[in-house]
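Shown next, in structure tokens, is the structure this report addresses.
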Amino acid sequence: MTAAPATDIKSIDKILARHPRSETAALVNILHDLQAEFGFLAEKVLRRAAVYIGVPQVQLFRVVTFYEGFHLKPRGKHICTVCVGTACHVRGASKLVDHIERQFKVSVGNTTNDMQLTLESVNCVGACALGPLVMIDGSYHGNMSASKLDKILKPLKRK
Ligand code: FES
């Protein structure tokens with residue numbers, strides 16, 4: 001029987017050293033931390049991060065615009081995300097988007113002037129049977145209608 005290899009730091013590092021460090025992974029982690037601190041990634045923040053990491057700023061923009069989780073603009077206190085994937089679309093998702101846009105005077109991808117609500121859309125979150133689906137601050141609301149939506153969103157509307 002052969003003894004298991006020792007798991008001391010040197011051994012672990014030796015194995016890790018076989019793999020190239022992923023610059024992109026480090027970059028993503030840095031961007032996550034910056035966004036967690038500032039709420040979004042302002043150009044000034046990205047410029048500073050690019051200098052720190054030593055990559056062109058355009059590379060950071062590519063990463064930020066590739067991943068849906070990064071935001072280049074400030075977001076509202078509440079986030080309303082309407083699924084506009086095929087299953088939700090055929091069940092009236094676009095009517096829900098129109099309804100919210102009218103009620104809150106905000107277009108998809110933007111935030112109300114009072115910074116209360118950001119309206120976003122997504123293409124399928126894998127809960128198609130519940131469509132049309134709307135997520136409000138991360139909570140899923142299925143089989144959504146304009147009237148149900150009004151009840152949920154009404155408290156978020158400032159008088
Ligand atoms: S299309 Fe909306 S959850 Fe799949």
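Everything quoted here is computed from the prediction, not taken from an experiment. Every number for a ligand or one of its atoms is a count from 1 in the order of the listing.
No side-chain heavy atom of Val84 sits under 4.5 Å from any side-chain heavy atom of Val108.
Although no hydrogens or angles enter the test, the distance criterion places a donor-acceptor pair under 3.5 Å between the side chain of Lys73 and the main chain of Gly109. Distance alone, capped at 3.5 Å, places no donor-acceptor pair between the Glu120 side chain and the Thr81 backbone. Remark: side-chain polar atoms of Gln116 are not paired, donor with acceptor, to backbone N or O of Phe104 under 3.5 angstrom.
The number of protein N, O or S atoms lying under 2.8 Å from atom 4 (Fe) of ligand 1 is 2.
Within 6.0 Å of the NZ atom in Lys95, the count of heavy atoms belonging to other residues, nucleotides or ligands does not exceed 12. At most 12 non-hydrogen atoms from other residues, nucleotides or ligands lie less than 6.0 angstrom from CG of Asn113.
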